[in-house]
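Below: one structure, written as structure tokens.
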Amino acid sequence: MPLFCDVALPVPLDMAFTYAIPAGMESVIGGRVLVPFRQQRMSGIVVELHDRPPKVAAKRVIETLDASPVLDNQLLKLGRWIADYYLAPLGEVFRTMLPLGAEFKRTITYRITEQGHMALHLAGMSGSPGRSRRPHDEQLVEFRVLDQLAERESMREESLRSATKATRALLAGMLRKKWIVREDVSAARDAARTIKVAVLLKAEVETWLAASPEEGQASSLHSAELRSAWTGEGARPHTGTGSAGVPPAVAGTSRPRTRKLNLNQRALIDTLAAAGGRVPVDALRELEIPRTTLSTLVKRGLVQLIDEPQDFTVSKFKPRPSPFEFEFSAPQKEALTKIRDGVQSKKFTGMLLHGVTGSGKTAVYLAGMREVLEQGRSAVLLVPEIGLTPAVAADLHQVFGDEVAILHSGLTDAERAEQWHRIKRGEARVVVGTRSAVFAPVSDLALVIVDEEQDSSYKQEETPRYHARDVAVMRAKMAAAVVVLGSATPSLESYYNAKKNKYTLVELPDRVELRPLPEVEILDMRQEFQEIGHEQVISRKLAEEIRERLEKKEQVMVLLNRRGYSPVVLCRTCGKSLECQNCAIALTHHKREHKMECHYCGFLAPVPKKCAHCGSEYVYFIGTGSEKLEELLHGMFPQARIGRLDRDTVRGREDFERVLNALNEGELDMLVGTQMIAKGHDVHGVTLVGVVGADHALSLPDFRAAERTFQLLTQVAGRAGRGNSPGKVILQTYFPDHYAVQFAARHDFQGFYDKELQFRSWMHYPPYSAIANVLIRSEKLDHALTWSGDLGRWFEKTRHEGIRVLGPAAAPIVRLKRDYRYHFILKSQSREKMNNLLRAMLAEAASRKIPRTQIIVDVDAVWLM
Ligand SMILES: [Zn+2]
Ligand SMILES: [Zn+2]
């Protein structure tokens, strides 16, 4: 056994640490160990085993946490690639890859049982505890423990032991006596979040029915019905058809009763089959069927009861049309064939699936994943933060059953860990999740899909600042798998790569069933202002169109990509606006909650009656956010039922889903909101989309502003006309001539791409150049200035051919979350040269004692603000 191991620890230091392995302990590469680090215990990943003693005496490993690797060779390699590419400490990369935080800090708690209460009670009565012959003081400690636990719900082991001086052995003895119970919180699933679900065991039911000739005609008829339900035609009401309406229980009186299903049992089975085979037990209780029926079916092995996390509930949401309901179009078939060929070749294949909104990309993904699953291999689908709603989870469950693991931000640490273990054990071979699902520990990976690959939620805005799309491509390369990037508005980088033949390009140019793309009308708000003489949020034209749709009972969406009531509060006397204490950002007025809020750090302030700077009472609330828009529309259309979707109305995934469902069910006439309303929802009744403020991003100092605006406009326009009636979009803008607006209105991705590419080429921006944003931050302005000045001078005198260094300059948001911020932007054709220079810069910063945490290196930065 090697004497030493090198461990990558989650600390902001670019190095591994050597520890001695005590005799008799075994560590594995890719496994976790618990080690002392400074004053703490910390868990890290073993990256090397060796016999080379370090210069100073090595500390000893405290505990080996894994007997086999939690990161296999491929994931270890991927982690090293990320650390190298994004200049991030390896230990922090590994921590991001493993959602096992809950296991790092295992909390063990104890509770008192009924027997424990009883023992305590008896001890109180007799004045001396129990009848044990053990030493007196040990009994005292035991009763101290019971006393502590009797007063509370539960208690953590550390607190309990320090309060009572109980040893582990003593607690173990009490466990054996069943006076207390022990709970391992990291392993236990949060019970409040799970529900009981009844699962129909199809095969068993078929066997049962086939083996029950006694039931004669009735059973074969029933079987056919059952099959029709499974094929999606729905169950017909069970009214005792078949043997002349005679209930089978009566028809077969002379034969053994145990082989039959009575009417209630059949009705229950039919309900389950019609709902896709699984229904929460609570929902079944609403049927007028005795409760014993379910338990009988469970006893007979025809139905199984399982615990499921609440988010996977199927029946809460109306079943949606299956993605396979439509005949695949020729381009969809082509895409699927390419995926199939790639998977079979077992060679890396990159593909960009560019499909207009509503063209059926999801159906291609699911078909591809299903094929991979059928071959016994694994697939991972990444979706943007907002894309993983409970309804989507329900759809996935319907297609993949228990073989799908769903990872989203709403999971607790323990749930996340549990999903991770399910995947690692091979129980779930299809993984769907947001950004970090790219690290899912699947084996034999055949297919990785990144849906809406342009979405900025794939970029992690903290260390390691990786981009999940790019990591997905690298992971597919390492696994010799197929990677599919899908989008209606691909990023410039991905489309450029496809054009350069780095990826195969597959276009889906038409909507399903050849539904037309909506007509887009640009409305020049400068002209509107001239004609009516004052600023108006909703133009006359848009108001008229909305009225028309409401009269026809059609639905409307209105996008305003800014939340709150008014974005600026301005003093008319001194001209100053009310800013956040921590950021150089104006506070937004939220009327209903009666507060001023910073949208960057969450700082709250009371709504001012006077100017904070000069005391003047002439404070004005300027501009419109989604809250005010909703109020305005209520005033204009008092009869309309209006819903709003933004970060103020949506606290969790359920809120989001509830509003969308209401729209789907026709319980809402209109939906207003921020970009949340623009993404991926398939609501068939919407025939008009109004855009009243999606272009102010065009004035931001960010080279991706045009691309983002084009993407948002295209996405939101894509919400119109997805059903049988054609859609229309009214695009109000102050930049009617801007090419992003023009091309979006014409649904012309190619045109936008060509134009934007020219600009990127002139300005040396991606995809022509790699960029990195280096941010120097400090709560002390002095430090931020000195450090950035020092590094600026160092860059000046360091040779760096082929790399442009811009800065130092104040960041566009010069103060954020109390930190003053200065930055450099590096651009280079050679990523390798750029990263070498960045490494040298970090070394220089370290030698100048600039704390590593105060320098943010953001390779392939998505935001330069
Ligand atoms: Zn003032
Ligand atoms: Zn702030």
Side-chain angles (χ1 to χ4, degrees), residues 385 409 456-457 459-463 465 535 560-628 646-651 674-676 693 696-697 699-702 705 708 773-785 787-788 808-823 851 853-856 858 861-865:
E385 277 311 339
S409 51
S456 57
S457 71
K459 181 71 158 61
Q460 173 149 303
E461 295 295 349
E462 59 189 62
T463 307
R465 297 180 168 255
E535 197 87 32
L560 173 60
N561 201 18
R562 193 158 47 191
R563 66 193 179 95
Y565 196 82
S566 300
V568 180
V569 177
L570 196 70
C571 170
R572 287 270 154 102
T573 305
C574 73
K576 286 186 176 153
S577 66
L578 184 60
E579 275 198 357
C580 174
Q581 270 187 6
N582 311 321
C583 314
I585 292 288
L587 292 177
T588 299
H589 178 214
H590 288 253
K591 190 179 174 190
R592 204 185 57 195
E593 299 192 13
H594 205 72
K595 64 180 186 189
M596 303 297 296
E597 186 191 328
C598 172
H599 287 177
Y600 286 81
C601 74
F603 173 77
L604 296 176
V607 180
K609 294 200 172 62
K610 284 190 278 189
C611 170
H613 305 280
C614 74
S616 158
E617 288 179 3
Y618 293 99
V619 285
Y620 284 80
F621 295 80
I622 296 170
T624 307
S626 48
E627 186 187 355
K628 188 168 168 187
D646 56 30
R647 290 228 321 270
D648 299 308
T649 58
V650 175
R651 299 284 176 208
T674 57
Q675 58 183 340
M676 263 190 196
H696 51 252
S699 53
L700 294 177
D702 189 326
R708 281 200 193 100
N773 190 18
V774 177
L775 198 74
I776 316 297
R777 61 174 179 183
S778 172
E779 281 195 24
K780 297 198 175 104
L781 176 60
D782 208 31
H783 282 165
L785 282 169
W787 293 338
S788 56
I813 299 174
V814 69
R815 191 159 175 255
L816 189 68
K817 299 179 184 171
R818 312 191 85 94
D819 281 333
Y820 290 92
R821 309 158 82 235
Y822 286 80
H823 73 155
T853 47
Q854 305 308 103
I855 304 176
I856 294 172
D858 192 358
V862 163
W863 297 99
L864 298 179
M865 301 297 281

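For reference, positions follow the sequence shown, starting with 1. Indexing begins at 1, ligand by ligand and atom by atom, following the structure's order.
Only protein N, O or S atoms were scored, and 4 of them lie under 2.8 Å from the Zn ion (ligand 1). Around the Zn ion (ligand 2), protein N, O or S atoms at a distance under 2.8 Å total 4; waters are neither shown nor counted.
Remark: the backbone N or O of Arg818 is not paired with any side-chain donor or acceptor of Arg777 at under 3.5 angstrom. Using modelled atom types, no side-chain atom of Asp782 and backbone atom of Leu785 make a donor-acceptor pair closer than 3.5 Å.
Nearest approach of Arg821 to Met865, heavy atoms of both residues: NH1-O, 3.0 Å. The heavy-atom pair separating Gln581 from Arg815 by the smallest distance is O-NH1, 2.6 Å. Taking each heavy atom of Thr588 and Ser566 in turn, the nearest pair found is CG2-O, 3.3 Å.
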Under 3.5 Å, side-chain donor or acceptor atoms of residues 599-607 against the rest of the protein: list the pairs with distances, not counting sequence neighbours.
{"from": "His599", "atom 1": "NE2", "to": "His590", "atom 2": "NE2", "distance (Å)": "2.9"}

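Counting heavy-atom neighbours within 6.0 Å of Lys595 NZ, excluding the residue itself, gives a total above 12.
With sequence neighbours left out, the ring-ring contact (aromatic ring centres under 6.0 Å, His included) criterion links Tyr565 to His589.
The pair Arg592-Asp648 does not meet the salt-bridge criterion, since no charged nitrogen lies less than 4.0 angstrom from a carboxylate oxygen.
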